[in-house]
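This report concerns only the one structure given below.
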Amino acid sequence: MRSVAVGLSIGLFCAMLPIPLQMLIAAVCCFIGRGNIPIAIAACWVSNPFTQILLMLFQERVGAKIRGILDLGWLDFIDIDGTVPFIKEDLNLANFAVGVGATAIFLGIMAYPIIFCFYTIVPKKYLQGVAILKRKIPVISLTTTPMKKIPTEVFEDKQAAVNKLAAETAELIRSNDAVAKITVLGLATGSSPIDYYKSLIHLHNTDGLSFQNVITFNLDEYAGLDREHPESYWHFMHQNLFNHIDIKPENINLPSGMIGEAEIPAHCAQYEQDIKDAGGIDLQILGIGRTGHIGFNEPGSPKDSLTRAIELNPITREDAAPSFGGIDKVPTTAITMGCGTILAAKRIVLMAWGTGKASIVNEAVTGPVNDIVSASYLQDHPNASFYIDKEAAGDLE
Ligand code: F6R
C-alpha cells in the first residue's frame, strides 16, 4: 500500500517535469523511495496532458515577466502568439522559451540543495534503495556518508566483540578490587548479551575473575511475572550468569514484576536510590530493540526519565511472542530503568548483532537525537560505544 502511494505521488510530481526526463526521474525516485514503478509511470502518463498544459502556462507567465525585465530582443523572431488547445488560453512562444530556459537554470542551481534536503528529511529506512544502487554502481554517490555520532566498533563477528567487552569488564573489576572499591554493573537481558555472559563465566572459571565485589542492577523486568517464571528476567539472569559465578545474592538487583500498582512509584524510587547508594553504575550493558528502545524505554520516553512502569510497544511484544508461546501471553507492561538512569552510567556499551538490527543501529548512531529512538540519546553520552558485528553495521556503510 505504501509503495503504491509513493509511486502515485512520484508519478504525479514527475508529470510536471520536462517530458524527456519524466520516466527516468520517476523510475529513479521510485527505486530510491521504494515506490511502485508501474504505478508511477501510469500516473505520470495519465496526468501528463493536464500537468504539461499547466506547466506550459506557468512557464509562459514566468517567461513574460522575465522578458518584461530583461531586454531579450534577439528572441523577437519567435514572438508568435497562439492559443493552447482545450483550455483556450493565450500563449506566446518567445515567453514560453524564456520560461523553459529559466526553469532549467533554476533546477540546475537548486539541484544540490533539493537533494541535500531530501536525504536529510527522509528517514534512512526509506532510502535503502540508495545503498543497493551504490553497491551496484560504485561510481554514483547519491548520499553523503552517514556521520557516526556514537563511537562504533564493528567486529568481524559477535565472539570477537563479546571477548573484548568481557576483557574490559574484567579489567574494570580487577582495577576496582585493587583499591578495595565495589564495581557496579548495569545488566541487560535478551539474546544480545548471552555470549558476553558466557565470556564472563569463562573468565571466572579459567582466569579467576571474581564477582565478590560486584553489585548488579538489571535494566528491567516484566510486570506480572514472579521470579520463578521461565520468562522472567530474574530467571534469565540466574540461568545465564548469576548461577555460574561467585556473586553474592544480596548484591543482585532487579526491579520486581510482582509489585502492586499502588506500590510501583515507591518501588521505582527505591531502585533509583539503591543505584545511587551503590555509587552509580560503572558500566552499563545494553541491547537495542527494534523500536530503538534501551531497557524498555519505548518511543516517547523522555531523556531524563527514571525507573518507572511502562507500556510495552506492540513491536516489542511481537518480538517476545515466540519465547512466551504467543503474543497473548506476553505481558503488556514492565518496570524499566529510565533513559536518565541509563545515561547517568559512567560507561555504556550497547551490543547489536545481525541484519535485523542494521536499520535501527543506523538510526541510533547517525540519526537525530529524539524520543522516537531512545538509543539516540546515547549520542549525548561522553563515554558510550556500540559494539556490533558486520551484519548489524550493514546500513552504516
Ligand atoms: C533487556 C532489554 C532490552 C533488550 C532489547 C534487545 O533487558 O532491556 O532493551 O536489550 O530488547 O533484545 P535482544 O537482545 O533480545 O534483541
Side-chain angles (χ1 to χ4, degrees), residues 158 161-162 165 185-199 216-223 225 227 229-242 252-257 268 271 275 281 283-301 305-324 327 330-343 345 348-361 363-364 371-378 384-389 391-392:
K158 186 193 335 187
V162 299
L165 184 53
L185 299 181
L187 299 179
T189 52
S191 57
S192 306
I194 290 180
D195 287 329
Y196 163 66
Y197 294 146
K198 282 189 184 143
S199 290
T216 63
F217 288 91
N218 261 83
L219 283 166
D220 37 27
E221 180 59 280
Y222 288 114
L225 301 194
R227 289 178 168 186
H229 190 290
E231 290 307 319
S232 79
Y233 285 164
W234 176 276
H235 187 262
F236 174 97
M237 286 309 299
H238 284 77
Q239 288 285 105
N240 287 289
L241 181 66
F242 299 146
I252 295 170
N253 297 278
L254 280 94
S256 169
C268 295
Y271 203 67
I275 295 173
I281 293 171
L283 170 63
Q284 175 67 57
I285 302 302
L286 296 176
I288 184 169
R290 266 205 298 154
T291 59
H293 69 215
I294 45 176
F296 273 141
N297 291 286
E298 300 290 18
S301 295
S305 51
L306 298 177
T307 303
R308 69 203 186 287
I310 191 151
E311 195 169 316
L312 295 174
N313 187 285
I315 296 175
T316 301
R317 294 186 65 235
E318 197 182 289
D319 286 348
S323 38
F324 276 88
I327 192 148
V330 181
T332 53
T333 52
I335 306 244
T336 182
M337 275 187 197
C339 299
T341 326
I342 294 168
L343 291 170
I348 302 176
V349 179
L350 185 148
M351 286 178 273
W353 323 122
T355 48
K357 296 284 168 83
S359 146
I360 196 66
V361 161
E363 281 187 54
D371 67 0
I372 302 170
V373 175
S374 63
S376 68
Y377 293 141
L378 299 171
S385 301
F386 273 38
Y387 285 7
I388 60 180
D389 61 8
E391 289 73 21

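As the structure lists them, so they are numbered: ligands from 1, and atoms in each ligand from 1. The chain is numbered in sequence order, starting from 1.
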Notebook entry, point to check: Between Glu318 and Arg290, does at least one N-O distance fall below 4.0 Å, as a salt bridge requires?
Noted result: yes
Notebook entry, point to check: How about Leu306: does its CG atom have over 12 heavy atoms from other parts shown lying under 6.0 Å from it?
Noted result: yes
Note to self: As an exercise, identify every atom of ligand 1 less than 4.0 angstrom from a heavy atom of Leu219.
What the structure shows: 8 (O)
Notebook entry, point to check: For atom 9 (O) of ligand 1, which candidate among Ser374, Gly295, Ala352, Gly356 provides the closest heavy atom?
Noted result: Gly295
Item checked: Nitrogen or oxygen atoms of Thr189 and ligand 1 under 3.5 Å apart -> yes
Check: What part of Ile288, side chain from CB on, backbone N/CA/C/O, both or neither, has a heavy atom under 4.0 Å from ligand 1?
Finding: backbone
Checklist line | Distance from atom 2 (C) of ligand 1 to nearest protein heavy atom, with residue and atom | finding: Asp220 OD2, 3.3 Å
Notebook entry, point to check: What's the verdict on side-chain contact (heavy atoms from CB on, under 4.5 Å) for Asp220 and Thr189, showing C-alpha distance, side-chain angles and the deciding distance?
Noted result: CA-CA 8 Å; Asp220 37 27; Thr189 52; 4.0 Å; yes
Margin query: Checking a contact table here: which protein heavy atom is nearest atom 14 (O) of ligand 1, and how many Å away?
Written below: Ser192 OG, 2.5 Å
Note to self: Would Lys357 count as a contact residue for ligand 1, given that I'm defining contact as a non-hydrogen atom of the residue lying under 4.0 Å from a ligand atom?
What the structure shows: yes
Next item on the list: Check each atom of ligand 1 against the heavy atoms of Gly287 and keep those under 4.0 Å away; list them by number with element.
Entry: 10 (O)
Notebook entry, point to check: Between Leu254 and Phe236, does a side-chain contact (heavy atoms from CB on, under 4.5 Å) hold up when you go through it step by step?
Noted result: CA-CA 11 Å; Leu254 280 94; Phe236 174 97; over 6 Å; no
Note to self: Within the 4.5 Å heavy-atom criterion, are Val349 and Leu286 side-chain neighbours or not?
What the structure shows: no
Next item on the list: Give me the one residue out of Thr341, Ile342, Leu187 that meets side-chain contact (heavy atoms from CB on, under 4.5 Å) with Leu219.
Entry: Ile342
Checklist line | Close-contact set for ligand 1 against Ser191 heavy atoms, below 4.0 Å | finding: 13 (P), 14 (O), 15 (O), 16 (O)
Check: In terms of residue, atom name and distance, what is the protein heavy atom nearest to atom 11 (O) of ligand 1?
Finding: His293 NE2, 2.6 Å
Next item on the list: Take Lys158 and Asp195, measure what salt bridge (Lys or Arg N to Asp or Glu O under 4.0 Å) needs, and give me the verdict at the end.
Entry: CA-CA 8 Å; Lys158 186 193 335 187; Asp195 287 329; 3.1 Å; yes
